Amino acid sequence: MSHPDSSADAPAPTIPDRPGLEGLEDRWDATWEEQGTYRFDRTKARADVFSIDTPPPTVSGSLHVGHVFSYTHTDTIARYQRMAGREVFYPMGWDDNGLPTERRVQNYFGVRCEPSMPYDPDFAAPDDAGDPKAIKKRGDVAISRRNFIDLCHVLTAEDEQAFEALFRRLGLSVDWNQHYATIDERCQRASQRAFLRNLARGEAYQIEAPSLWDVTHRTAVAQAELEDRERPGAYHRLAFHLPAGTSASDGSNDLHIATTRPELLAACVALVAHPDDERYQPLFGTTVTTPVFGVEVPVLAHELADPEKGTGIAMICTFGDTTDVIWWRELDLDVRAIINRAGRVNPEPPQGIGSEAGLAAYARLAGKTIFSAQAEMVEILRETQELVGEPEAITHQVKFFEKGDKPLEIVTSRQWYIRNGGRDTDLRTALIARGDQMAWHPPYMQTRYTNWIDGLNGDWLISRQRFFGVPLPLWYPLDEDGEPIHDTPIVPAEADLPVDPSSDPAPGYNESQRGRPGGFAGDTDVMDTWATSSLSPQIACGWEEDNDLFARTYPMDLRPQAHDIIRTWLFSTAVRSHFEADTAPWGHCALSGWILDPDRKKMSKSKGNVVTPLDLLDKHGSDAVRYWAANGRPGTDTAFDDGQMKNGRRLAIKIMNASRFALGFGTDSGTPLAVDPEAITDPLDRAMLLGLAGLVDEATQAFDGFDYARALERTEAWFWTFTDDHVELVKSRAYEGDEAGAESARHALRLALSTLLRLFAPFLPFVTEEVWSWWRGGSVHRQAWPTSDKLRDAATVDGEHVDPTTAAVAAAALAEIRRHKTTEKRSLATPVTACTLTDTAERLALLRPVLGDVTAAARATGIDLVEGDALSAEVTLEPAAG
RNA sequence: GGACCGUUAGCUCAGUUGGCUAGAGCGCUCGCCUCACACGCGAGAGGUCACUGGUUCGAGUCCAGUACGGUCCACCA
């Protein structure tokens, strides 16, 4: 790295006459690539490295403005850290694993994954890919999982190129040699290896239990993937019947139950009310019979029952919602499941329905979807006159899989879990404590992490009944009847990873034994996409594959991400690092906000208000868009603002023009564009440098706290004052002052420019690099971050200091005179024939040494100073011509 | 129901440990071709800092509460 203020290696200065922003992005991107400007030097020691756990964007469509926003935040920090002397490890990942990609590949190629099919090495992508008409005509082709994954690679490779192009255009200082894709072999290996280790240590386990089930995708889903949606529904009052001889408080023989899911009546296993509810206390321990089906069910007490809801007594079905699961478990009830994995009513009635009428009614429901079953059930209830009154329409929150479009059901199935503290207090406490090992930016985001862990009600369900993902690396031996023995899964050796149990035979078996009695069966499930992305630090840092790199980068320094995925990505990553390395995965988490559209709603595709990032970059220029993004405070949702981008463009142009001025003196006279602190002798120049030193301190402090927005705000504010005041004041002296004065002005301008370009470099990488290249060698992005002590040294002459407020006093004096010109609607170039300036003695003392600059900038022949209470001026202007 | 964040000029937002007449940009109004920049420059108007109490010599800033907006979680018979 060259000395920041040396120009020994500088090329001959070339300052364009009409500098512009057009084309800077492509030109500098190519240069940075060619010169390896952002390449990671893996010989650096851990303490000198700053490693970033870049979020891998989902490769299933296109990037949006939110990506531009948050990735810019990270990039400003990366650039600062690089200039501050850290070797930045800044890889890029692509998340091409999971449901969004799977769907896209299915549609694009017209294929359907069939995990039971053998791998076909000669399979080629259909040549009508991307032609929906042709695909519709021929129908989907069934292919093996491995062939399906091959196709995923084909399609995602195209997206990844487009994403990289956009990120380069945006100016991310990523080392493009360091990248991964969550479905690539390396990630599969890491993902399977981590799972096997979880299994070996008892952190992963399988169990047959009710779990959340998405009927559209026919897969289990995890608690972290739920979202609530408001749906219309209706309370239906059903008449349950008390045993003969007893009666309810109202004297009737019926007990009324309110439910929004009458279609589950056949799955009812009990009724439940609050233990303190006097209305139902007499019934606890007794049984009632269900309407229509005539099944005898117990009436039980549980404190989760809410006396205020419905009629205060609920029917427990297996399973209508998560509360049913709790009741079922804690009250030790029967299973009477009627909904299958496709979201339809089972053809066979559950145990317990004995009556002919009950069986006939069930037959009318069998095979129906949940929606039609409900309508049919209501009709049956009307017929038997066991529907009390009319259904009462309500709107309520219903749980959905975040990528699903039908309400979640609860289905009993065998699934794999990883412990996450949801059922284990000690682990929960330990994971919450991991949060204290990370510095959160902004700090209150840690509360969300803690709250999420506190609210967990089960372990992390990681198996998915899908195809495109990392397979669970497991096989099961088959008994003599050909049934899998789940308790003794067969695992591969780590050296053989990755494996696909649906096409690779289990160790110790050969392929001919697949599915045969005494043979083996491969697990057909894949892992949750978060089970892979939760390993992003391990993957990026070369865990178990590149120990040297790993030792220099892990645990990582920074995880930047959006706040909405604290519960998924952030938390699951913490879980994996806790188990695997007994550490927090990073030292810092920086949470970015969202982009809101001008109506203050979250920008989303469905609302049709997304602006494509490339259009934005084309229209405003990358620096301008980055400027807007960097104005969004950490963690704060930010409105999309065209105006801020225009402002950013204005700033970039101003930097060019100001630079042209500051560098415009050396070339004419043939002197090199050196910066010699010794030449800076004028008090105004020195005062300006002291102000700049203060700015450097502020910007550095802000960046050290990951507050890029503050660093930008301060730098920008100082810069505009610099151009409006300082440049105007010293202009005459720089052009035509005596030699010492002129040289002082020129050297100070260049020192200021050199400093400002470096302060702006993290935000506006293109324009700063362009200007830097006019007069300096090397990339501005590899220069040392400025330090204030050098500026303070330069401002000190023979041990004598100058009062930094001198600059403000001089600027105020000039502004006062300009105000007169403006008020009289005259040009600022109008000569001042006489001027008397009044100010306090203290301020006049500061003004005297720099009065020459003020006089010249005011175009005055002279300025008389008079002591007074406050600043004021009497100004006589040259009469207007004509 | 619990938690967190926010409420400052027409708009978007600063205001760091409480301290001089509350700031910026945009927008608006009025001017100005001034040898870096008209993709510019100068000036001006515009705010009871959501509300109510409290602490203090002093509160936009601290405390308590209220209202409104947002987010997360829980509940959802």
Side-chain angles (χ1 to χ4, degrees), chain A residues 15 17-21 226 228 233 235-238 257-261 264 271-273 304-306 308-317 320-324 394-399 442 444-452 454-457 563-564 566-567 593-594 596 598 600-602 628 631-633 635-644 646-647 649-664 698 701-702 705 707 709-710 713-714 716-717 720 723-724 727-728 731-732 735-736 749 815 818-830 857 859:
Chain A
I15 299 161
D17 286 339
R18 296 285 302 172
L21 300 174
L226 303 187
D228 285 346
Y235 275 134
H236 300 73
R237 282 171 168 254
L238 313 188
I257 303 290
T259 178
T260 55
R261 301 207 54 186
L264 292 179
L271 300 187
V272 65
L304 272 184
D306 183 353
E308 305 294 317
K309 287 259 166 64
T311 57
I313 184 164
M315 68 174 190
I316 304 175
C317 303
D321 60 37
T322 49
T323 316
D324 279 346
I394 55 158
T395 304
H396 60 160
Q397 300 286 327
V398 180
K399 283 198 191 312
Y444 62 78
M445 289 292 180
Q446 186 178 0
T447 309
R448 299 201 185 182
Y449 171 83
T450 305
N451 284 352
W452 171 252
D454 265 334
L456 287 171
N457 53 35
H563 58 66
D564 57 331
I566 290 175
R567 66 176 183 169
W594 283 326
L596 307 176
R600 311 299 301 163
K601 296 277 192 266
K602 185 185 172 186
W628 159 76
N631 264 300
R633 322 303 282 195
T636 306
D637 295 346
T638 301
F640 180 81
D641 190 350
D642 216 55
Q644 284 286 36
K646 288 183 182 141
N647 220 28
R649 187 175 176 82
R650 214 176 126 232
L651 174 63
I653 291 167
K654 190 75 175 180
I655 288 173
M656 282 205 158
N657 284 318
S659 301
R660 215 162 77 80
F661 170 75
L663 301 175
E698 276 193 288
Q701 195 186 348
D707 193 348
R710 176 184 297 275
E713 183 207 335
R714 296 302 155 92
E716 188 196 2
W720 283 107
T723 59
D724 292 344
V727 167
E728 291 303 320
K731 198 177 268 182
S732 295
Y735 274 121
E736 60 215 5
L749 285 169
R818 282 172 165 179
R819 185 174 297 115
H820 281 81
K821 296 185 183 179
T822 297
T823 309
E824 293 181 24
K825 305 193 172 182
R826 301 290 300 280
S827 161
L828 295 182
T830 308
R859 309 286 164 103

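Not measured: the values here are computed from a predicted model. Every chain is numbered from 1, with letters handed out A, B, ... down the list of sequences.
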Answer with base, sugar-phosphate or nothing: what part of the nucleic acid does [X] contact at a heavy-atom distance below 4.0 Å?
| X | result |
| --- | --- |
| A/Asp724 | sugar-phosphate |
| A/Ala717 | nothing |
| A/Lys646 | nothing |
| A/Leu304 | base |
| A/Ile313 | base |
| A/Ala662 | nothing |
| A/Val398 | nothing |

Review point. Within a strict 4.5 Å, meaning less than it, do heavy atoms of the A/Glu713 and A/Arg633 side chains meet?
Key: yes
Point to revise | Student check: side-chain heavy atoms of A/Arg261 and A/His236 closer than 4.5 Å | key: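 No, every pair of side-chain atoms sits at 4.5 Å or beyond.
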Whole angstrom is fine here: how far is it from [atom1] in [X] over to [atom2] in [N]?
| X | N | atom1 | atom2 | value |
| --- | --- | --- | --- | --- |
| A/Ile316 | B/C76 | CD1 | C1' | 16 Å |
| A/Arg660 | B/C39 | CZ | C1' | 14 Å |
| A/His820 | B/C41 | NE2 | C1' | 19 Å |
| A/Asp637 | B/G70 | CG | P | 12 Å |

Check your understanding: Does A/Arg18 place a side-chain N or O at less than 4.0 Å from the phosphate oxygens OP1/OP2 of B/C39?
Key -> no
Point to revise | Side-chain N or O of A/Thr450 closer than 4.0 Å to phosphate OP1/OP2 of B/A3 | key: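 Result: no.
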**Study point:** Watson-Crick or G-U wobble mate for B/A14, both contacts under 3.5 Å
**Key:** none
Review point. Is the shortest distance from a Lys or Arg side-chain nitrogen in A/Lys731 or A/Glu728 to a carboxylate oxygen in the other one below 4.0 Å?
Key: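 A salt bridge links A/Lys731 with A/Glu728.
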Review point. Is there a side chain to side chain donor-acceptor pair (under 3.5 Å) between A/Arg448 and A/Asn451 once you walk through the steps?
Key: CA-CA 5 Å; A/Arg448 299 201 185 182; A/Asn451 284 352; over 6 Å; no
Given [options], identify the nucleotide with an atom nearest to the side chain of [X].
| X | options | answer |
| --- | --- | --- |
| A/Glu713 | B/C4, B/A14, B/C72 | B/A14 |
| A/Thr447 | B/C73, B/A3, B/A43 | B/A3 |
| A/Ala639 | B/C4, B/C41, B/U12 | B/U12 |

**Study point:** Presence of donor-acceptor pair under 3.5 Å, side chain of A/Asp228 and base of B/C75
**Key:**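 Flag set: donor-acceptor pair detected.
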Exercise for review: Mark yes or no for a side-chain to base donor-acceptor pair under 3.5 Å between A/Lys654 and B/C37, with no hydrogen or angle criteria applied.
Suggested key: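 Result: at least one qualifying N/O pair found.
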Side-chain donor/acceptor of [X] to backbone N/O of [Y], under 3.5 Å:
| X | Y | answer |
| --- | --- | --- |
| A/Lys821 | A/Arg826 | no |
| A/Asp637 | A/Gly593 | no |
| A/Thr823 | A/Arg819 | yes |

With rounding to the closest Å, how many angstrom separate the [atom1] atoms on [N] and [M]?
| N | M | atom1 | answer |
| --- | --- | --- | --- |
| B/G58 | B/C20 | C1' | 11 Å |
| B/A50 | B/U8 | P | 6 Å |
| B/U55 | B/A24 | C1' | 32 Å |

Practice item. Classify the ring geometry between A/Trp628 and A/Phe640 as parallel (under 30°), tilted (30 to 60°) or perpendicular (over 60°). Key: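 A/Trp628 and A/Phe640: perpendicular rings.
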**Study point:** Given RNA chain B, 5'-ward residue of the pair A/Val272 and A/Glu736, judged by closest heavy atom
**Key:**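 The 5'-side residue here is A/Glu736.
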Review point. Hey, which of these two, A/Thr723 or A/Arg567, hits RNA chain B nearer its 5' end, going by closest nucleotide?
Key: A/Thr723
What pairs of nitrogen or oxygen atoms, one from the protein and one from nucleotides 15-19 of chain B, lie under 3.5 Å apart?
unit_1 : atom_1 : unit_2   : atom_2 : d
B/G15  : OP1    : A/Arg710 : NH2    : 2.9

Under-3.5 Å N/O pairs linking protein and nucleotides 24-33 of chain B:
unit_1 : atom_1 : unit_2   : atom_2 : d
B/G25  : O2'    : A/Asn647 : ND2    : 2.8
B/C26  : OP1    : A/Arg650 : NH1    : 3.0
B/C30  : O2'    : A/Lys825 : NZ     : 3.4
B/C32  : O2'    : A/Ser827 : OG     : 3.4

Point to revise | Greater than 12 external heavy atoms within 6.0 Å of A/Gln701's CD | key: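 Open: at most 12 neighbouring heavy atoms sit under 6.0 Å from CD of A/Gln701.
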